[in-house]
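To start, the structure itself, in structure tokens.
In what follows, chains are A, B, ... by sequence order, proteins preceding strands, each numbered from 1.
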Amino acid sequence: MGKIRDQLDKMFKETGHVNAYFPLFIPKSYLSKEAAHIEGFAKECAVVTHHRLMNDPNGGGLIVDPDAKLEEELIVRPTSETIIWDTYRGWIHSYRDLPLLINQWANVVRWEMRVRLFLRTAEFLWQEGHTAHATKAEAVTETELMQNIYAQFAQEWMAMPVIKGIKTPNERFSGADETYTIEALMQDGKALQAGTSHFLGQNFAKAFDVKFLNENNVEEYVWATSWGVSTRLMGALIMTHSDDDGLVLPPKLAPLQVVIVPVPKTSTEIDFEVDKLMKALKAKGITVKYDTDQKNRPGFKFAEHELNGVPVRVAVGNRDLEKGQFEIARRDTKEKQFVPLEGAAEYIEQLLDAIQDNLYQTALKFRNNHITKVDNFEDFKEVLDGKGGFVAAHWDGTTETEEKIKELTKATIRCIPLDAELEDGKDILTGQPSKKRVLYARAY
RNA sequence: CGGGGCGUAGCGCAGUCCGGUUAGCGUACUGGUUUGGGACCAGGGGGUCGCAGGUUCGAAUCCUGCCGCCCCGACCA
């Protein structure tokens, strides 16, 4: 997560955003100010009702002190729009205060009924950007910019292809006018929403009365966006690349990029060559570890580092030294190559790039092979139950149809792709006319 | 809250149906020999068998109640 956070943070800052931190507790009254917003989150809020514990006079141990009830309950933030917009009211008065481009890294709580490691946990770390703009066009541009940054990060850093699209009204963020999404496909054929960017219109500005004077001295409500990705990305990373031998990490995000395993054990000659290689790698900014742990044998170490997804393994023993070479293995394909001692660092540098690229290409091929066009409901069900993945089908644009299909098949509309071609067709369920295909899938 | 499953050594498990030696195996631990794909030999320790009642000469095992965890359903990034 460290490298994920650092890189995203860098990309946010490069686009003019600054970090800030807002309170964990949100007074209940704030949350209720935006109607759609509270409707979406009310069912999954952790609520603070008391501020003190005491010893049970009947000997039952620690209990909540009934006399310490709060006048107004506090909600552990499920997201921070309300408390941030309440704050923005005091910060924004003039067009000169805009745009306001703030991001925060924070833990949030959504009291889910069912949790799933990495993908859906009651508490999770995420970043949430909250921006305020003078015009609608500028806010929409910001929303699209952040979707693009997420897509770029997913593809260039996580080696995970994503589809950029917008959500249907039904799947939209509570309180948004439009939700932009990046959708990924996991190896089991299920889709995963990997990041969202919301155009909030003036909904929160109106709910929290955030106005500014424009250049013509006319008072207007400000336009808003919010956008976020979470530790869910770690789940996405794991489920996109891993295999039966364990994790497979893209070199750009691997905490450890190269591990060197001495075999049979360390010796002065091996140490000498390894030291040279490590210096050369470090000079290139490559993270490397020399695994001199005496407890385990080389075979164990090989397996262990594969399990942990280390992209490149270098093995070196006396036999190699006699031949003046290292054995270099890549995690993604398991291929081994003997490489001369001189120039090994350059070889590894290129290999890391090759692995990064190969992971992306492999995932892209899989994803593209799992987008299936269907034109009737029978085929639709067959693809969902068999092949899985995204199903590109015509939709009549109504929430009723979307929900009916969800009820019948458990598939939801993941997004309306931004690059969807205009094409006359008929809704697979109702036969009503449709102008473009949307992507359905069973999703996490 | 409904349906299903599981609680036995630090961790992972067998034993429970059909009650009966001292409750066992793997791993971890210690020592030595090893080390080119998850080593071998030896050693010793480690347990209120989830909790509470009950049946019985005798309960990890049968009965009743309770507690905890996991999976599936309604929710969701």
Side-chain angles (χ1 to χ4, degrees), chain A residues 37 39-46 77-81 106-129 147 150 154 162 167 170-176 179-184 186 190-198 226-236 239 244-246 259-267 270 291-308 313-323 325-329 331 334-336 338 403 406-407 410 412 414-415 442-444:
Chain A
H37 189 66
E39 197 187 322
F41 286 103
K43 285 168 287 186
E44 48 186 9
C45 288
R77 62 183 169 218
T79 178
S80 303
E81 274 78 5
N107 284 42
V108 293
V109 169
R110 295 183 187 173
W111 211 267
E112 304 290 350
M113 281 304 210
R114 303 191 55 68
V115 296
R116 193 178 176 107
L117 193 61
F118 292 122
L119 302 185
R120 196 167 55 241
T121 46
E123 177 184 358
F124 56 93
L125 174 65
W126 78 345
Q127 58 69 217
E128 44 179 327
Q147 181 193 37
Y150 288 153
V162 294
K167 288 291 189 184
N170 197 38
E171 296 275 332
R172 229 175 246 161
F173 176 74
S174 309
T179 288
Y180 292 67
T181 180
I182 56 169
E183 296 286 325
M186 304 295 100
K190 289 176 80 172
L192 183 77
Q193 177 176 310
T196 48
S197 181
H198 315 290
S226 70
W227 27 273
V229 294
S230 72
T231 34
R232 167 174 261 217
L233 288 180
M234 295 175 71
M239 295 176 71
D244 290 347
D245 293 318
V259 66
I260 304 174
V261 178
V263 51
K265 62 178 162 188
T266 182
S267 71
I270 291 174
D291 186 355
T292 53
D293 183 354
Q294 294 293 298
K295 204 169 65 171
N296 297 117
R297 294 150 54 100
F300 183 92
K301 294 177 182 175
F302 294 172
E304 189 182 37
H305 293 124
E306 277 163 13
L307 196 63
N308 292 334
R313 179 192 72 232
V314 178
V316 53
N318 295 319
R319 216 189 286 166
D320 297 311
L321 285 193
E322 282 166 22
K323 295 180 189 166
Q325 65 187 20
F326 290 120
E327 182 202 80
I328 297 179
R331 176 64 183 88
K334 301 288 187 63
E335 289 165 336
K336 298 175 189 175
F338 290 105
E403 295 208 308
K406 182 180 180 183
E407 188 187 319
K410 297 193 173 181
T412 50
R414 300 321 302 155
C415 71
R442 294 204 178 115
Y444 280 105

**Message:** Using modelled atom types and a 3.5 Å cut-off, is there a donor and acceptor pairing between side-chain atoms of A:Thr179 and backbone atoms of A:Phe173?
**Reply:** yes

**Message:** Under 4.0 Å, counting only non-hydrogen atoms across every strand here, what does A:Lys334 touch: a base, just sugar-phosphate, or nothing?
**Reply:** nothing

**Item:** N/O donor-acceptor pair under 3.5 Å between A:Lys167 side chain and A:Arg414 backbone
**Value:** yes

**Request:** With heavy atoms under 4.0 Å as the rule, sort A:Thr181 into base, sugar-phosphate or nothing.
**Result:** nothing

**Message:** Which is more 5' along RNA chain B, the nucleotide nearest A:Lys406 or the one nearest A:Lys301? Just name the residue.
**Reply:** A:Lys301

**Asked** So what does A:Glu112 hit on the nucleic acid, given a heavy-atom distance under 4.0 Å: a base, only sugar-phosphate, or nothing?
**Response** base

**Asked** At under 4.0 Å between heavy atoms, what does A:Thr196 touch on the DNA or RNA strands: base, sugar-phosphate, or nothing?
**Response** nothing

**Request:** Would you classify A:Phe124 as touching base, sugar-phosphate or nothing, given that sugar-phosphate means primed atoms plus P, OP1 and OP2, and contacts are heavy atoms under 4.0 Å?
**Result:** base

**Message:** Heavy atoms only, 4.0 Å cut-off, all strands: where does A:Leu307 land among base, sugar-phosphate and nothing?
**Reply:** nothing

**Prompt:** Heavy atoms under 4.0 Å, any strand shown: does A:Glu306 hit a base, just sugar-phosphate, or nothing?
**Reply:** base

**Request:** Using whole Å, report how far CG of A:Asp291 lies from P of B:rG38.
**Result:** 16 Å

**Prompt:** When the nearest nucleotide of RNA chain B is assigned to A:Arg313 and to A:Trp126 on a heavy-atom basis, which residue is associated with the more 5' position?
**Reply:** A:Arg313

